[in-house]
Amino acid sequence: APEMPPYLVVAPNPAASWATFTYTITTEINNAQVRVLDTGGREVADLLIRAQQGELLWDTREVPAGLYTVELINNGARLTTERLVVHPTR
């Protein structure tokens, strides 16, 4: 069977007060993390991953509204990237 690629799902998107990152990493976990960057490339969140698959919850109220890049990292390499739009909270 072909190896499954790593994947990352961001929902809801756009997000208002929180976002869920559902991930699968198909290789051995080594310093795995989900990293969130703003449009200037600054890191605004760094969530540690301890299992090959799972779900992380991120409170988007910590950051200004706008566009963010969500990266799935393992072993120093970026496995996959998603975009996330954060709406202002009402």
Side-chain angles (χ1 to χ4, degrees):
E3 210 179 277
M4 287 285 294
Y7 77 86
L8 173 65
V9 177
V10 178
N13 194 0
S17 49
W18 53 269
T20 304
F21 306 141
T22 306
Y23 62 86
T24 297
I25 295 174
T26 51
T27 50
E28 199 181 330
I29 296 292
N30 180 17
N31 279 333
Q33 65 201 105
V34 168
R35 203 162 65 182
V36 184
L37 309 173
D38 66 14
T39 48
R42 284 181 300 269
E43 188 178 290
V44 295
D46 182 2
L47 310 168
L48 206 61
I49 290 176
R50 301 188 185 282
Q52 282 187 302
Q53 57 191 124
E55 205 172 75
L56 295 167
L57 199 61
W58 183 48
D59 187 349
T60 55
R61 291 170 298 192
E62 298 170 9
V63 297
L67 178 65
Y68 292 87
T69 302
V70 185
E71 299 179 335
L72 183 63
I73 313 267
N74 189 32
N75 206 12
R78 186 171 57 212
L79 302 179
T80 183
T81 303
E82 290 293 328
R83 298 241 182 269
L84 168 64
V85 175
V86 174
H87 278 179
T89 44
R90 307 277 176 273

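Distance alone, capped at 3.5 Å, is enough to place a donor-acceptor pair between the D38 side chain and the G40 backbone.
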Practice task
Begin from the C-alpha positions of V70 and Y23 and carry the test side-chain contact (heavy atoms from CB on, under 4.5 Å) through to its verdict.
Solution key: CA-CA 11 Å; V70 185; Y23 62 86; over 6 Å; no
Exercise for the section: Apply side-chain contact (heavy atoms from CB on, under 4.5 Å) to L8 and F21, showing your working. Expected result: CA-CA 7 Å; L8 173 65; F21 306 141; 4.1 Å; yes
Problem - Pair V85-H87, side-chain contact (heavy atoms from CB on, under 4.5 Å): steps then yes or no - result: CA-CA 6 Å; V85 175; H87 278 179; 3.8 Å; yes
Exercise for the section: I would like to know whether I29 and R50 meet side-chain contact (heavy atoms from CB on, under 4.5 Å); could you show each step before the answer? Expected result: CA-CA 7 Å; I29 296 292; R50 301 188 185 282; over 6 Å; no
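Nearest heavy atom pair, residue A19 against residue P12, reads CA-CD, 4.3 Å. Residues I49 and Q33 come closest through the heavy atom pair CD1-C, 3.8 Å. Annotation for T60 and A15: closest pair CG2-CB, 4.2 Å, computed over non-hydrogen atoms.
Transitive grouping of hydrophobic side chains (ILVMFWY, heavy atoms separated by less than 4.5 Å) brings L47 and Y68 into a common cluster. Transitive grouping of hydrophobic side chains (ILVMFWY, heavy atoms separated by less than 4.5 Å) brings V44 and V10 into a common cluster. Residue V86 is not grouped with residue L37 when hydrophobic side chains (ILVMFWY) are merged at heavy-atom distances under 4.5 angstrom, including chains of intermediate members.
Within the model, atoms OG1 of T24 and CG of L79 stand 11.0 Å from one another, a figure rounded to the nearest 0.5 Å. Of the inter-residue distances, the one linking E55 atom CD with T22 atom OG1 reads 4.0 Å to the nearest 0.5 angstrom. Here CZ of R35 is found 11.0 Å from CG of L72. Values are rounded to the nearest 0.5 Å. Here CD1 of I73 is found 12.5 Å from CG of N30. Values are rounded to the nearest 0.5 Å. Between the CG atom of D59 and the CH2 atom of W18 there is a distance of 11.0 Å, given to the nearest 0.5 Å.
Not counting sequence neighbours, the partners of R78 by the salt bridge (Lys or Arg N to Asp or Glu O under 4.0 Å) test are E71.
Residues T69 and R83 form a side-chain contact, since some pair of their non-hydrogen atoms from C-beta on lies under 4.5 Å apart. Residues V63 and W58 have side chains in contact (heavy-atom distance under 4.5 Å, counting atoms from C-beta outward).
The local environment of CG in N31 is sparse, with at most 12 non-hydrogen atoms from other residues, nucleotides or ligands closer than 6.0 Å. Atom CD of E43 has more than 12 heavy atoms from other residues, nucleotides or ligands within 6.0 Å.
There is a side-chain donor-acceptor pair under 3.5 Å between T27 and N74.
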